[in-house]
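Here the structure comes first, spelled out in C-alpha cells, and everything after it is commentary.
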Amino acid sequence: MPAPGTDEPSAAKSSRARALRESMTDAEQKLWRLLRDRRLEGSKFRRQVPVGPYIADFLSFQHRLVVEADGGQHAESARDAVRDAYFAANGFRVLRFWNNDILFRTESVLEAIYQALLATPHPRPLSRQGRGEAKRGQPSPLAGEGGSRRSRETGEGAGAAKADARGGRGKETKMPTKERLYLFDTTLRDGAQTNGVDFTVADKLRVLSLLDRLGMDYVEAGYPGANPTDTQLFAQKHEAKARVTAFGMTKRPGRSASNDPGVAALLAAHSDAICFVAKSSAYQVRVALETTKEENLASIRESVEAAIAAGREALVDCEHFFDGFKEDRDFALACARTAYEAGARWVVLCDTNGGTLPHEVEAIVAEVVKVVPGTNVGIHAHNDTEQAVANSLAAVRAGARQIQGTLNGLGERCGNANLCSLIPTLLLKKDYAARFDIGVSEEALGELVHVSRTLDEMLNRAPDRHAPYVGESAFATKAGIHASAILKDPATYEHVAPEKVGNRRRVMVSDQAGRSNVLSELERLGVQVDRKDPRISRLLEEVKEREALGYSYEAADASFALLARRMLGSVPDYFAVERFKVNVERRYNAQGELVTVAEAIVKVKVDDETMISAAEGNGPVNALDVALRKDLGKYQPFISGLHLTDYRVRVLNGGTEAVTRVLIESADETGDRWTTVGVSPNIIDASFEALLDSITWKLLKEGAPA
Ligand SMILES: CC(=O)SCCNC(=O)CCNC(=O)[C@H](O)C(C)(C)COP(=O)(O)OP(=O)(O)OC[C@H]1O[C@@H](n2cnc3c(N)ncnc32)[C@H](O)[C@@H]1OP(=O)(O)O
Ligand SMILES: CC(=O)C(=O)O
C-alpha cells in the first residue's frame, strides 16, 4: 500500500471525497467554517482527504492531525477503532468529536483541536521514509511508566486549556477556553449495591430518563447476567442521549473471551458501551482472583477487544487502582495501559475501598496521565473517608476527564461520589466552571433538587436534610443574626443562590430566632404586617416560650403559620371538638386470633350542628384521625384529599414525667405537604393537637368559609 498522505488518490476515491465534501453534515459544515482558511492557529486544514484506504474528515498534514466528526451510530465504533489504529500506525493523531459537541459545545471542541496543534511536533513523529512502516508502540505491559507514550489520541486534546487568543491570516479567532469533562452515572449499578436499595425494571427506566434529562454523558444501567432485573433491562435498546452502559467482569482467567458466559451476557446486552471491571492491584489478583498478573492483563486486553469487535465503546474500571498503585505501581500502570492500548475509550481509576485521600489521588493521577492521556482517564471514588467528591475533583485537577458518581451518593458501603454535589460545584464554582464544560445545562441544574428528591421518594428513603446544595437545610438558617443579614442581602450567608439548583432559602423561627426570622417567614407565608408592629415581638416571645415547653416550630411550618395568624387575628374557629374517647382493646377475635383493636369516638360542633363519629384504626392515633376526618359537616369537601404521610414521636426530658412531642406530616391532592406539632405529657393528646392543626391549616389554605 502506498505511504499514506503521499499516495495519489485513485479516481474513485477522489470522486467519493468530492461527493462527501458536497454532502457534509451540519456539524462538519460548522467545523469546516472554523478550520478553513487557516483560521485556527494559522494551521492549514483540508477536508475529506484520502489517507490510505480511508477518507479523513479534516486533516492538517503539517501537524499530522486528523479530526473526525462522529454521528450517533455507536455501531461504528469498532470500525473507528480499526481506522484510528491505521492512522496512529501511520503517525497521525486522531481527535474524534460527537456531532452534538461540535454543534453545541463548539468552544470546547476548538480548544481541544487548538491544544493538539500546540502539541507539535507530534509525540512520535515519522520521517517521510518511515511513514507507512511505523508500528504502534508495543511496550511490555509490565514495564514501568517509563514505557513509551501512546501516539493515539481519541476524544479531546489533553492538558490544561490556555486562554490566549491567536488568529490565522490576520483574522481574529476567539480561542475557546474550556475543556469537556464527562459525567458517568452509576446510580443504577453501584447505587444498586447500596444496603437497602432495590430497583425494579420500572424504577430503573424512570431513573434512566431522569439522568438523561439531567445531561449525563453515560448512564451505567446495571449488570446484565447478574440478576433477572438487569438482564431484562438490557434485553431491549433504550433510546437516550446518554450512552447506556452495561457493566460486568472481564473474562475469567483460563478461558477465552468468546467462551466466557459473563462476557457473552455483556455482548448480548443492548447497550452503547460496556464497562468492564478489572483488578489492577497485584494483591487482589493474587488473593481474590487467584491468578497471575499476566493472566489478568490478558483478561483486560481480550475483553476490551471483544467489546470493540462487537461494535461497543469499551471502558475499564480499574478496581483497587490506588491501593494497587501504592503496592505495585508498575503493575497498576500496566493494567491501565493495557486497557488503553486495547482500545478502551476510558480507563477509570477506582478507589474501590474508599480509603485514599485527595492529595494521594492527585499525585497518583498525575503519574497515570503520563502513560494514558488524561482525556481517556476517569475517576470512580468511594466515600469511606467522606472524601469521594474531593477525590474526584483532585483527579480532575491532575488531568482526569471523566467523573463517575451517583445521585445522592448512593453506592456500596458509604457510597460513591455524590453527583448532586459535584454537578453544582462544577457549574457554579469559578475554578471549574471557567475551565470545563459538562453536559448538564444551567436549566437542568435548576431541576437538581427535584431529581434528588424523586429518587429518594422512589426508594422510600427520607431525604438527607443536610445534603449540600439539595438538602432541605442547605439554605436554611435558624440564627437571628444570620437572618437579619440575609434579609439585607442573601449573599451574606449563602455561597450560591439556592434557586440555581432548584432549592429554596428557609429562614426558620425557633428559640435561636430574632425578629428578622419572624418577618422573613411571615413574608414567605404571605402575611402582610408592618415591620414595627409590636405583635411581632410578642409572637417571637411566644415561640421561644413554647419551644422551651417542647414545641419545635422550625420543623412545623404549618403550626407556626397558624400561631402567627392567630396572634394577628386571622384564623377562624371552623369547628370545636367537644370531646373524644379512645379505647384500645386486646382480645381474641371470632377466629380465635389474638388482636389489638383501637376505636375512637369524636364529638364535633360545626356552627350549631353536632356530629358524632366513630372509627377503628390500626392504633389509637390512626383511629382518632379517621374519626375526626369522617364527618366535619360543611367542611368535609375541603378535607377529602387530606392524608397523613409521616408521624414522628419524640419523648423529651426522659423519665415518666416526660413530655411527648408529635410531628405530623400531611399532604393533599395537590401534592402540597405541611407539618404540624403537638406537645403534651400524653401521646394521644399531643397527636390530637397536631391533627387539629393539620386540618385547620388545610381549611385555611383552601379558603373555607368561617
Ligand atoms: C467493585 C465493584 O463494585 S465490582 C461489582 C460488584 N457487583 C456485584 O458483585 C453484583 C453482581 N454480582 C453477582 O450477581 C455475582 O457475583 C455474579 C453473577 C457476577 C458472579 O456470581 P458467581 O459466579 O456465583 O461468583 P461469586 O460472586 O461467588 O464470585 C465472583 C467470582 O468472580 C471473580 N472475579 C471477581 N472480580 C473479577 C474480575 N474483575 N475479573 C474476573 N473475575 C473476577 C472472583 O475471583 C470469583 O471467582 P471464583 O468464583 O472463581 O472464586
Ligand atoms: C468498579 C467499582 O465499583 C469499584 O471499583 O469501586
Side-chain angles (χ1 to χ4, degrees), residues 184-195 197-199 218 220-231 233-234 245-257 259-266 269 274-304 306-307 315-325 332 335-336 338-339 344 346-356 361 378-385 388 391-392 395 402-406 409-417:
F184 181 107
D185 181 281
T186 179
T187 305
L188 298 175
R189 198 279 299 169
D190 211 320
Q193 294 171 214
T194 316
N195 191 353
V197 166
D198 280 306
F199 292 109
Y218 295 82
E220 188 168 64
Y223 190 152
N227 58 67
T229 302
D230 287 359
T231 302
L233 184 85
F234 283 102
T245 305
F247 174 91
M249 285 188 280
T250 48
K251 77 159 189 73
R252 295 201 187 202
R255 47 170 81 217
S256 66
N259 194 25
D260 184 286
V263 173
L266 282 170
I274 293 176
C275 182
F276 291 105
V277 60
K279 305 275 184 221
S280 54
S281 136
Y283 160 72
Q284 297 283 343
V285 167
R286 192 173 65 250
V287 175
L289 286 191
E290 301 178 76
T291 187
T292 62
K293 293 178 185 178
E294 288 72 18
E295 275 278 13
N296 189 63
L297 294 174
S299 290
I300 295 174
R301 187 168 43 248
E302 288 173 37
S303 305
V304 169
L315 299 89
V316 175
D317 273 358
C318 290
E319 204 188 356
H320 301 288
F321 186 84
F322 294 93
D323 297 333
F325 185 95
C335 293
T338 300
W346 292 103
V347 178
V348 183
L349 313 179
C350 301
D351 184 26
T352 305
N353 294 358
T356 313
V361 168
I379 174 80
H380 174 111
H382 277 273
N383 205 26
D384 300 67
T385 66
N391 279 344
S392 305
Q402 188 204 83
I403 301 180
Q404 298 202 345
T406 55
L410 291 187
E412 181 101 348
R413 302 183 311 278
C414 311
N416 284 95

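Numbering of ligands and ligand atoms starts at 1, following listing order. Treat the numbers as computed from the prediction; the structure is a model and nothing was measured. For the single chain, residues carry numbers from 1 onward in sequence order.
In this structure, the side chain of D351 does not engage the main chain of A388 through any donor-acceptor pair within 3.5 Å. Within the 3.5 Å criterion, the main-chain N or O of D190 finds a donor-acceptor partner in the side chain of T186. Between the side chain of S281 and the backbone N or O of G324, no donor-acceptor pair lies under 3.5 Å. Between the side chain of N416 and the backbone N or O of Q404, no donor-acceptor pair lies under 3.5 Å. D260 places no side-chain N or O within donor-acceptor distance of the main-chain N or O of K251, the cut-off being under 3.5 Å. With T292 contributing its side chain and E295 its backbone, the two residues share a donor-acceptor pair below 3.5 Å. In this structure, the side chain of S280 engages the main chain of E319 through a donor-acceptor pair within 3.5 Å. At distances below 3.5 Å, not a single donor-acceptor pair connects side-chain atoms of T406 with backbone N or O atoms of T187.
Scanning the protein heavy atoms around atom 22 (P) of ligand 1, the nearest turns out to be R252 NH2, 4.1 Å. Nearest to atom 12 (N) of ligand 1 among the protein's heavy atoms is Y223 CE1, 4.1 Å. In terms of protein heavy atoms, atom 1 (C) of ligand 1 is closest to E319 OE2, 3.3 Å. For atom 6 (C) of ligand 1, the nearest non-hydrogen atom of the protein is Q193 OE1, 3.7 Å. Atom 5 (O) of ligand 2 has as its closest protein heavy atom T352 OG1, 2.7 Å. Atom 2 (C) of ligand 2 has its closest protein heavy atom at H380 NE2, 3.3 Å. Among protein heavy atoms, atom 13 (C) of ligand 1 sits closest to A226 CB, 4.0 Å. Of the protein's non-hydrogen atoms, the one nearest atom 35 (C) of ligand 1 is M249 SD, 3.6 Å. Looking from atom 6 (O) of ligand 2 to the surrounding protein, the closest heavy atom is H382 NE2, 2.9 Å.
Residue contacts with ligand 1 include R189, since one of its heavy atoms falls under 4.0 Å from the ligand. Under the 4.0 angstrom criterion for non-hydrogen atoms, S299 is not in contact with ligand 1. At least one heavy atom of F247 sits less than 4.0 Å from an atom of ligand 1. Residue contacts with ligand 1: T250 is included, with a non-hydrogen atom under 4.0 Å away. Ligand 1 does not have E412 within reach: every non-hydrogen atom of the residue lies 4.0 Å or more from it. Taking a 4.0 Å cut-off on heavy atoms, D190 fails to register as neighbouring ligand 1.
Close contacts between ligand 1 and V277 involve ligand atoms 38 (C), 39 (N) [criterion: under 4.0 Å to a heavy atom]. Atoms of ligand 1 found under 4.0 Å from any heavy atom of A288, numbered from 1 in the order shown, are 45 (O). Close approach to K279 involves these atoms of ligand 1, each under 4.0 Å from a residue heavy atom: 36 (N), 39 (N).
Between D317 and ligand 2, a contact under 3.5 Å exists for no N or O pair. Polar contact with ligand 2: present for D190 (N/O pair, distance under 3.5 Å).
Distance remark: protein heavy atom not present below 4.0 angstrom from atom 17 (C) of ligand 1. Closer than 4.0 Å to atom 37 (C) of ligand 1 lies at least one heavy atom of the protein. Put simply, atom 24 (O) of ligand 1 has no protein non-hydrogen atoms near it, under 4.0 Å away. Note that atom 9 (O) of ligand 1 has no protein non-hydrogen atoms nearby, at separations under 4.0 angstrom. The nearest protein heavy atom to atom 28 (O) of ligand 1 is not closer than 4.0 Å. Atom 51 (O) of ligand 1 is not flagged as protein-proximal [any protein heavy atom, distance under 4.0 Å]. Within the 4.0 angstrom cut-off, atom 40 (N) of ligand 1 has one or more protein heavy-atom neighbours. Distance screen at 4.0 Å: atom 47 (O) of ligand 1 has a protein heavy-atom neighbour inside the cut-off.
Neither the backbone nor the side chain of H320 comes within contact range of ligand 2; no heavy atom lies under 4.0 Å. Neither the backbone nor the side chain of P253 comes within 4.0 Å of ligand 1, counting heavy atoms alone. Using a 4.0 Å cut-off between heavy atoms, E412 makes no contact with ligand 2 at all.
Contact between I300 and T250 at its shortest, heavy atoms only, is CA-CG2, 4.1 Å. For D317 against H380, the heavy-atom pair with the smallest separation is OD2-ND1, 4.4 Å. In terms of heavy-atom proximity, A265 sits nearest to G225 at CB-CA, 4.1 Å.
Considering only heavy atoms from C-beta on, V316 stays 4.5 Å or farther from W346 through its side chain. A 4.5 Å side-chain heavy-atom check between N353 and D384 finds every atom pair outside the cut-off. V263 is not listed as a side-chain neighbour of E302, based on a closest heavy-atom distance of 4.5 Å or more. Put simply, the side chain of I379 reaches to within 4.5 Å of the side chain of V361, judged on heavy atoms. At a threshold of 4.5 Å between non-hydrogen side-chain atoms, the residues E220 and L188 do not count as touching.
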Tell me, with the steps shown, if F276 and L266 meet side-chain contact (heavy atoms from CB on, under 4.5 Å). CA-CA 9 Å; F276 291 105; L266 282 170; 3.6 Å; yes
Could you walk me through whether I403 and F184 pass side-chain contact (heavy atoms from CB on, under 4.5 Å), step by step? CA-CA 6 Å; I403 301 180; F184 181 107; over 6 Å; no
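When E319, R413, E220, R189 are ranked by how near their heavy atoms come to atom 3 (O) of ligand 2, first place goes to R189.
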